[in-house]
Amino acid sequence: MNLAPPPHSQVRALVSDRAGMLMQQMFFWGCDAQHREGNLLVRVGAERLAREYSHGEGSSRYRFAWQTGTVELHSFCAGWYPREAAESGVVFIRGRERFFDCAGATPLTPGHYEEGRFRFANAEEMLVLCRPLLSWLLDYERQVASATRPGYRARCFAAYRRHGHRKPWLPPDEAIAWLAGFLESPDTTRRAKKLLRERHQNFRERSTRTSDSKTTMP
């Protein structure tokens with residue numbers, strides 16, 4: 001595993017990529033909570049906290065024990081919080097579309113953020129702070145793949161595209177490959193934006209070739 005830090009400009013770009021991934025992933029978690037065979041979040045091990053623990057706002061809260069802390073999900077935010085209050089965790093706030101270095105072991109109350117707990121880590125520090133949350137996400141997606149029928153996450157992605165509130169990130173299989181590569185070797189991880197651009201370019205080229213073949217006289 002190569003954990004050497006990428007150049008600063010690439011670090012900032014990777015932080016932006018991860019924000020796009022989490023925006024898409026939060027939509028997927030909403031799909032999982034409403035799965036027709038039962039709440040997937042609970043089925044793969046989440047502790048569900050009733051909505052009154054969120055002051056009645058947004059979704060229920062879902063907690064998972066992970067490494068030396070806790071992952072908590074809500075429709076407003078998602079974070080990893082360490083067991084030791086002196087350490088730092090990380091939280092992604094959906095409404096702000098960004099990650100924050102979050103002090104303390106107690107999960108934030110969704111929608112009611114204690115600004116004094118935010119430390120505003122730089123991009124290089126955020127690469128390290130995000131690793132527990134992102135490694136949990138990779139494990140979670142693999143569990144979902146095992147617990148659902150083929151094509152489930154692709155259908156979630158199609159629904160996200162129809163949702164239309166934000167440009168889609170990478171398709172599920174490519175997203176998992178990107179995340180696994182990022183966790184293994186962040187210094188060689190390619191920008192998701194570039195991968196999407198190449199994907200769209202390849203699609204246009206295939207479409208052009210198909211159109212040309214239909215108009216060519218025998």
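Applying the side-chain hydrogen bond (donor to acceptor under 3.5 Å, both in side chains) test to Glu114 and every residue at least two apart in sequence or in another chain returns nothing. Remark: Arg155 pairs with no residue by the salt bridge (charged side-chain N to carboxylate O under 4.0 Å, His left out) rule, at least two apart or across chains. Residues forming a ring-ring contact (aromatic ring centres under 6.0 Å, His included) with Tyr81 (at least two apart in sequence, or on another chain): none. For Ala177, the side chain to side chain contact (heavy atoms under 4.5 Å, CB included) criterion is met by no residue, not counting sequence neighbours. Asp173 meets the side-chain hydrogen bond (donor to acceptor under 3.5 Å, both in side chains) test with no other residue; sequence neighbours excluded. By the ring-ring contact (aromatic ring centres under 6.0 Å, His included) test, Tyr152 pairs with His35, sequence neighbours left out. Evaluation of the side-chain hydrogen bond (donor to acceptor under 3.5 Å, both in side chains) rule for Glu125 yields no partner, not counting sequence neighbours. The ring-ring contact (aromatic ring centres under 6.0 Å, His included) test applied to Phe76 returns His74, not counting sequence neighbours. Every residue two or more places apart in sequence or in another chain that forms a salt bridge (charged side-chain N to carboxylate O under 4.0 Å, His left out) with Arg153 is listed here: Asp32, Glu141. The ring-ring contact (aromatic ring centres under 6.0 Å, His included) test applied to Phe28 returns no partner, not counting sequence neighbours. Listed by chain and residue number, Ser88 satisfy the side-chain hydrogen bond (donor to acceptor under 3.5 Å, both in side chains) test with Arg119 (two or more places apart in sequence, or in another chain). Glu97 pairs by the salt bridge (charged side-chain N to carboxylate O under 4.0 Å, His left out) definition with Arg166, not counting sequence neighbours.
Checking side-chain atoms of Arg83 against main-chain N and O of Gln67 turns up a donor-acceptor pair under 3.5 Å. Arg48 places no side-chain N or O within donor-acceptor distance of the main-chain N or O of Ser60, the cut-off being under 3.5 Å. Between the Glu84 side chain and the Ala105 main chain, no donor and acceptor come within less than 3.5 Å of each other. Although no hydrogens or angles enter the test, the distance criterion places a donor-acceptor pair under 3.5 Å between the side chain of Arg43 and the main chain of Ala147.
Criterion: ILVMFWY side-chain heavy atoms under 4.5 Å apart, direct or through other members. Under it, Met26 and Phe64 are part of a common hydrophobic cluster.
Ring geometry for Tyr113 versus Phe118: interplanar angle of 30 to 60°, hence tilted.
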Margin query: Evaluate Leu138 against Ile176 for side chain to side chain contact (heavy atoms under 4.5 Å, CB included), listing each step before the verdict.
Written below: CA-CA 7 Å; Leu138 182 61; Ile176 292 304; 3.7 Å; yes
Apply side chain to side chain donor-acceptor pair (under 3.5 Å) to residues Ser135 and Trp66 and explain how you reach the verdict. CA-CA 9 Å; Ser135 63; Trp66 184 253; 3.1 Å; yes
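Ion pair Glu72/Arg63 flagged as a salt bridge, since at least one NZ, NE, NH1 or NH2 atom sits closer than 4.0 Å to an Asp/Glu carboxylate oxygen.
Arg142 forms no cation-pi arrangement with Tyr140, by the criterion of a distance under 6.0 Å to the ring centre and an angle within 45° of the ring axis.
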